[in-house]
Number of protein chains: 2
Amino acid sequence: MAIFSKTCEYAIRAVFYIAHKSAAGTKVGIKDIATGIDSPELYLAKILQDLSRKGLISSAKGPNGGFYINEASLNRPISDIVEVVDGNNLFYGCALGLKQCSEINPCPLHEQFKAIRSQIHELLDNTTINGFNEELMNGLLSLRK
Amino acid sequence: MAIFSKTCEYAIRAVFYIAHKSAAGTKVGIKDIATGIDSPELYLAKILQDLSRKGLISSAKGPNGGFYINEASLNRPISDIVEVVDGNNLFYGCALGLKQCSEINPCPLHEQFKAIRSQIHELLDNTTINGFNEELMNGLLSLRK
DNA sequence: ATAATAAAAGACAAAAATATCTTTTATTAT
DNA sequence: ATAATAAAAGATATTTTTGTCTTTTATTAT
């Protein structure tokens, strides 16, 4: 098991890619993105449609169209992407999948995972979409392979 | 997305349940376990067959048979269950699903998740199967709902 | 207005995860 | 030996996730 669903992995990588291009002021087409992050084009299209509907990214149809991210969204945390795609189970769900698990009715791993979960949440909350851009800019980071 | 697959959630809960019974010296049948942890009986049977083949738990056929855990296995870490069922991706895999992600070729979240991953690994490595038994014994912990 | 471009939308397909059903094998008690 | 018990094994079914194909809508440039 991975931390994120495949859909979410694509989503984050795509948003990073779009953000990278948006920082340079250009819109970017789905083909370009799919190639840039090595994902299935038409599946990614669905994902981006969803992110677009939810207001995380923007898009424009027609010639010179494509996906882009405005200044405000660039400063949103990565946790927003995760929540939209994978929900908040990673942040709040019981590690053993118990619906009633809580402080009062804890599962055997409740205390231990409380710490882990809050750290993941904090990390994703404190990392903004453009937070990594400088490094990505310098070609020091990878979004493919 | 949850941290563990559903299969792994069932596996951990079942092993805890068996351990709890084994501490009292009794074998426990699949029906009992399935009821005890609220999981689909026949699916759980498959999972336990697997854990048994891998040597994490033991089983005996026939009357008075059932599943149990020996002393040695009781002291194994929970990470062993996770590795058997979900593999080691949670401990070593890239958060963004990139195969080539590494110290030399890091994904944008590499550094941040390195810390998280090692904490999860450490936690599961340092928690033994019977580590929680006392609390479970006192009915302070839940494996259902 | 028309043609070209590019995303949106809807339907469909394949693969993986989860769940169930049936038959077989091993063990125990009678 | 036989019947009863309980897990193992194999086959099948369902659901969810991932991926693809086709048609439609919006925008731009000519």
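In what follows, chains are A, B, ... by sequence order, proteins preceding strands, each numbered from 1.
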Who is the Watson-Crick or G-U wobble partner of [N], with both distances under 3.5 Å?
N: dA13(D); value: dT18(C)
N: dA7(D); value: dT24(C)
N: dA29(C); value: dT2(D)

Calculate the interatomic distance between [X] atom [atom1] and [N] atom [atom2]; express it in whole Å.
X: E41(B); N: dT18(C); atom1: CD; atom2: C1'; value: 16 Å
X: F4(A); N: dT17(D); atom1: CZ; atom2: P; value: 17 Å
X: Y68(B); N: dT27(C); atom1: OH; atom2: P; value: 11 Å
X: I33(A); N: dA6(C); atom1: CD1; atom2: P; value: 12 Å
X: D50(A); N: dT18(D); atom1: CG; atom2: P; value: 13 Å
X: D32(A); N: dT5(C); atom1: CG; atom2: C1'; value: 15 Å
X: L48(A); N: dG19(D); atom1: CG; atom2: P; value: 14 Å
X: L44(A); N: dA6(C); atom1: CG; atom2: P; value: 16 Å

Look at [X] and [N] and indicate whether a side-chain polar atom (N or O) is within less than 4.0 Å of OP1 or OP2.
X: N64(B); N: dA29(C); result: yes
X: Y10(A); N: dT18(D); result: no
X: S52(A); N: dA8(C); result: yes
X: T7(B); N: dT18(C); result: yes
X: S59(B); N: dA8(D); result: yes

field: Aromatic ring proximity F113(B)/F4(A), centre distance under 6.0 Å
entry: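 Yes, the ring centres sit under 6.0 Å apart.
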
Students often get this wrong, so: under 4.0 angstrom with heavy atoms, is [X] touching a base, only sugar-phosphate, or nothing?
X: K46(B); result: base
X: A60(A); result: sugar-phosphate
X: I30(B); result: sugar-phosphate

Could you check which of [options] has an atom nearest any side-chain atom of [X]?
X: F67(A); options: dA8(D), dA8(C), dC21(D); result: dA8(C)
X: L42(B); options: dT20(C), dT18(D), dT18(C); result: dT20(C)
X: P63(B); options: dA19(C), dG19(D), dT27(C); result: dT27(C)
X: Y43(B); options: dT18(D), dT18(C), dA9(D); result: dT18(C)

With the side chain counted from C-beta on, respond yes when [X] and [Y] share a heavy-atom pair under 4.5 Å apart, and no when they do not.
X: L143(B); Y: P108(A); value: yes
X: M1(B); Y: M1(A); value: yes
X: D32(B); Y: K21(B); value: yes

Test: D50(B) and K54(B) ion pair at under 4.0 Å: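 Looking at D50(B) and K54(B), the cut-off is met.
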
query: Does the side chain of S73(B) pick up a donor-acceptor pair with the side chain of N70(B) at under 3.5 Å?
result: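 Short answer, yes.
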
- prompt: Is there a donor N/O on one and an acceptor N/O on the other, under 3.5 Å, for the side chain of K61(A) and the base of dT25(D)?
  reply: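 Such a pair is found, so the answer is yes.
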
